[in-house]
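Remember, it's 1-based here, ligands and their atoms both numbered in the order they're listed.
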Amino acid sequence: MFFKHYRCTQCGKEYKRDEVRYLCPDCSKDYRAGMPLTGVLEAIFDYESIGRKWKENPGIELFAAVEPEFYPELSVGNTPLFRSNRLAEAIGLTDLSIKNDGLNPSGSLKDRASHLVVAEALRLKEKKVVTASTGNAACALSALCASAGLEAVIFAPQSAPPAKLVQIKVHGATLVTVDGTYDDAFAASLEYTTREGGLNRNTGYHPLTIEGKKSVGLEIYLQNGQNVPDWIVVPVGDGVILAGVHKAFVDLQRAGIISRLPRLLSVQAESSDAITKYFITGRYSDAVKPSTIADSISVRTPSNAHWAVRALKETNGTSITVTDDEISQAQNLLAKTTGVFAEPAASAGLAGLIKAVGQHTISRTDKVVLLVTGHGLKDIGAVKV
Ligand SMILES: *Cc1c(COP(=O)(O)O)cnc(C)c1O
Ligand SMILES: [Zn+2]
């Protein structure tokens, strides 16, 4: 394993693997629930050795931050990447691929983060993993804890789609429904781990959530014949998938495997636009009143806003918003031209892509990868056919 240590993305201070668990103690001193995380840690690897090994035998396990012996039995990732000429033609592109992460075991990309954090819990001999979630992170954690024989403790808003609440229960997780928003659930779960212990899997808060989501970026690179696409389109709530995709290509670059980063298009729901506003104005403020059919990207205070905006700047990317109507239209178009049924949040990416092509941000011949993050059967109530 080539994982070396953690480094604070804010002050640069380095920490040994078991010296800290969550945030940089210095930079998170003034952190309180209800603001974007400060002092988020990134995993640093022995990039020189990885670069050498990659030449002999490329593989994403070279960039893993937990030893494979601790992985839960339920395997995640390795989802298909495929060209879709029908959709490309419909929206005015010549080279469009879909990465279908709705095909993960619990039906969303969140399985990647939960897989790695559960492996970490097994390494640390923790019996219990705790998370706040709008739904999918909870489904993922419930499934992966079931596979590992650990207890999952879930804080979720009452408003989560019924299928997601069923998923949590069928895997035997302990569900605490919070009478409030996702942001309230986030605060409640932090309080709980401070009081009761267990490993907290809150997105962005545990550095291995970013590392887990990173695997999707590494897979995209490998499945694309070790070519860097021009654009990767990512639906954004807390900004952790965006950070994970960014970290994948930064790690590849640090190991000397690639020389340029793909541009990232962040797509948010109109009412859940904190990262977009932050990127455009340079000043952070909460989303005013998040309310969208895309529940998985409905966030007032994106936990990973600072890293997300840095990722957009470093990749020469951008961030845009889409309406619920545009999301519904995109959901239908995706289903009818590709056979992929995506939940609303996972359809937001396509809605944003259509907009970005219309605004000439993305040009006709750019090579684009559209990341589909969650399965449509998770929320059939939101479908408008
Ligand atoms: C969580 C989630 C997102 C957004 O990921 P963030 O890391 O919160 O930005 C997008 N789509 C789906 C289906 C999700 O579950
Ligand atoms: Zn720091």
Side-chain angles (χ1 to χ4, degrees), residues 6-15 20 22-31 36-42 99-104 106-114 131-141 160-161 164 167 182-183 186 202-205 207 209-210 212-214 216 233-247 264 266-269 272 274-276 290 292-299 301-308 311-312 319 327 331 341-350 352 370-379 382:
Y6 289 115
R7 187 166 72 199
C8 175
T9 52
Q10 225 166 300
C11 72
K13 192 163 173 211
E14 294 182 348
Y15 296 95
V20 286
Y22 304 115
L23 304 173
C24 168
D26 289 348
C27 297
S28 64
K29 266 208 297 285
D30 298 324
Y31 168 74
L37 297 171
T38 52
V40 173
L41 298 177
E42 68 170 327
K99 175 69 169 165
N100 188 6
D101 242 49
L103 293 183
N104 274 297
S106 86
S108 87
L109 191 149
K110 298 289 194 296
D111 286 346
R112 297 176 183 273
S114 291
T131 199
S133 170
T134 58
N136 283 340
C139 301
L141 185 63
K164 297 185 185 181
Q167 279 188 285
Y182 166 62
D183 303 271
F186 201 94
N202 279 7
T203 191
Y205 183 69
T209 53
I210 298 164
K213 290 179 172 184
K214 178 181 87 173
V216 78
V233 183
V234 183
V236 170
D238 276 308
V240 176
I241 297 178
L242 191 74
V245 172
H246 172 243
K247 177 69 161 34
L264 300 179
S266 144
V267 184
Q268 295 202 283
S272 182
I275 286 174
T276 306
T292 164
I293 53 164
D295 62 293
S296 304
I297 52 171
S298 180
V299 190
T301 312
S303 64
N304 209 30
H306 300 311
W307 188 331
L312 295 175
S319 190
I327 291 172
Q331 183 177 46
F341 181 23
E343 67 166 274
S347 306
L350 175 57
L370 174 66
L371 184 53
V372 172
T373 46
H375 202 290
L377 290 174
K378 279 173 165 284
D379 188 8

Mind listing the N or O contacts between ligand 1 and protein, cut-off under 3.5 Å?
from: ligand 1; atom 1: 7 (O); to: Lys213; atom 2: NZ; distance (Å): 3.1
from: ligand 1; atom 1: 7 (O); to: Val240; atom 2: N; distance (Å): 3.0
from: ligand 1; atom 1: 7 (O); to: Ile241; atom 2: N; distance (Å): 2.9
from: ligand 1; atom 1: 8 (O); to: Asp238; atom 2: N; distance (Å): 2.8
from: ligand 1; atom 1: 9 (O); to: Gly237; atom 2: N; distance (Å): 2.8
from: ligand 1; atom 1: 9 (O); to: Asp238; atom 2: N; distance (Å): 3.2
from: ligand 1; atom 1: 9 (O); to: Gly239; atom 2: N; distance (Å): 2.8
from: ligand 1; atom 1: 11 (N); to: Thr373; atom 2: OG1; distance (Å): 2.7
from: ligand 1; atom 1: 15 (O); to: Lys110; atom 2: NZ; distance (Å): 2.7
from: ligand 1; atom 1: 15 (O); to: Asn136; atom 2: ND2; distance (Å): 2.8

If you round to 10 degrees, what value do you get for the angle at the Zn ion (ligand 2) between Cys24 atom SG and Cys11 atom SG?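 Centred on the Zn ion (ligand 2), the SG/SG angle is 110° (to 10°).
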Please state the angle at the Zn ion (ligand 2) spanned by SG of Cys27 and SG of Cys8: what is it, rounded to 10 degrees?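 So the angle at the metal works out to 110°.
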Taking the inter-plane angle between the rings of Tyr205 and Phe186 on a 0 to 90° scale, is it parallel (under 30°), tilted (30 to 60°) or perpendicular (over 60°)?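 Plane angle over 60°, so perpendicular.
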Side chains of Asp26 and Gln10, heavy atoms from C-beta outward: is any pair under 4.5 Å?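 The answer is no, as the side chains (C-beta and beyond) never meet within the 4.5 Å cut-off.
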Does Ala137 have any side chain to side chain contact (heavy atoms under 4.5 Å, CB included) partners at least two apart in sequence or in another chain, and if so, which?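 Result, side chain to side chain contact (heavy atoms under 4.5 Å, CB included) vs Ala137: Lys110, Ser133, Arg201.
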Counterpart residues, side chain to side chain contact (heavy atoms under 4.5 Å, CB included), relative to Ser298 (two or more places apart):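 Expected list: Pro290, Thr292.
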Work out which heavy atom in Ser296 is nearest to a heavy atom in Asn136; give both atom names and the distance.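 Heavy-atom minimum between the residues: OG-ND2, 3.2 Å.
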Acceptor/donor pairs from residues 240-247 side chains to any protein atom, 3.5 angstrom cut, sequence neighbours excluded:
from: His246; atom 1: ND1; to: Trp307; atom 2: NE1; distance (Å): 3.1
from: His246; atom 1: NE2; to: Glu314; atom 2: OE1; distance (Å): 2.9
from: Lys247; atom 1: NZ; to: Ala43; atom 2: O; distance (Å): 2.8
from: Lys247; atom 1: NZ; to: Glu211; atom 2: OE2; distance (Å): 2.7
from: Lys247; atom 1: NZ; to: Asp251; atom 2: OD1; distance (Å): 3.3
from: Lys247; atom 1: NZ; to: Asp251; atom 2: OD2; distance (Å): 3.0

Donor-acceptor pair, distance only, cut-off 3.5 Å: does the side chain of Asp238 make one with the backbone of Asn304?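 Pair absent, no side-chain N/O of Asp238 close to backbone of Asn304.
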